[in-house]
Amino acid sequence: MSVDELIDTTSLELLVAPAPLADFLRQSSAMHRHLCPRQVLGARMGMYAGELLGLNLPQKNKRLYTFVETDGCFADGVSVTTGCWLGRRTMRLMDEGKVAATFVDTQTGQAFRIASRPNVRNLARQYAPNARSRWHAYLIAYQLMPLTDLLIAQPVTLTVDLKAIISRNGLRTTCDHCGEEIINAREVVRDGQTLCRTCGGEGYYTITG
């Protein structure tokens, strides 16, 4: 069975966006086997970022770096339009629980945070009055709404060190406590010892056995 046959055709019947957005949404839906409103929002934010920063997206290099504020379908919508991916180290999750993202031109330092407008769900019905549910209205409307109604973009300055996050290829050391290798300059130094963050007391887990 092909990927196309596995995709939920019901949601794809509501694919009403013009190209190139429609093409990006097909790519995103193929990864999730359905199309949803958050994929649309992510894709449109990514396209808008390209306009604001004057970049040709999706990128083939690593000039654009993206911070997404939630994961799931939304992040993949952002990825297909920007070329920023977790696996390519051009995307980072800053889990704020918001459908929003900050796009950074690593050459100029210029950055924009883009989010959906607070009243966007209320406006959706105006663009899809005959939709059979609120969810279907969001899916249709987010494809059709002008950017002025759908998204808000704000120029921002990062409070994190992007160069430190990106780091450099080939950097590696060993934790003096657990012996595991550490890459991308993520080690910490405590009392003269080089430690991984877990051994240094900054871990996200504790060993139970």
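Note that the structure is predicted; figures quoted are calculated from it, not measured. The figures here come from the full heavy-atom set of this structure, side chains too, leaving out hydrogens, waters and symmetry mates.
The number of heavy-atom neighbours closer than 6.0 Å to CZ of Arg134, taken from other residues, nucleotides and ligands shown, is 12 or below. Dense packing is recorded around CG of Asn61, with more than 12 heavy atoms of other residues, nucleotides or ligands lying under 6.0 Å away.
Glu180 places no side-chain N or O within 3.5 Å of a backbone atom of Thr174 that could act as its donor or acceptor partner. In this structure, the side chain of Arg172 does not engage the main chain of Ile183 through any donor-acceptor pair within 3.5 Å. Arg113 places no side-chain N or O within 3.5 Å of a backbone atom of Ile152 that could act as its donor or acceptor partner. When atom types are taken as modelled, the side chain of Asp161 and the backbone of Ala164 share a donor-acceptor pair closer than 3.5 angstrom.
Ion pairing of Arg197 with Glu187 is absent here, as no side-chain N (NZ or NE/NH1/NH2) approaches a carboxylate O to less than 4.0 Å. A salt bridge links Asp105 with Arg63; the closest basic N to acidic carboxylate O contact falls under 4.0 Å.
Hydrophobic clustering (ILVMFWY, side-chain heavy atoms < 4.5 Å, transitive): Ile165 and Met91 are in distinct clusters.
Between His32 and His34, the angle of the ring planes goes over 60°, which puts this pair in the perpendicular group of the 30/60° scheme.
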Go through it in stages, so that I can follow the logic: the residues are Arg92 and Glu69, the test is salt bridge (Lys or Arg N to Asp or Glu O under 4.0 Å), and I'd like the CA-CA distance, side-chain angles, deciding distance and then a yes or no. CA-CA 9 Å; Arg92 189 177 184 90; Glu69 296 184 17; over 6 Å; no
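Between Phe103 and Thr82 the shortest side-chain heavy-atom distance falls below 4.5 Å.
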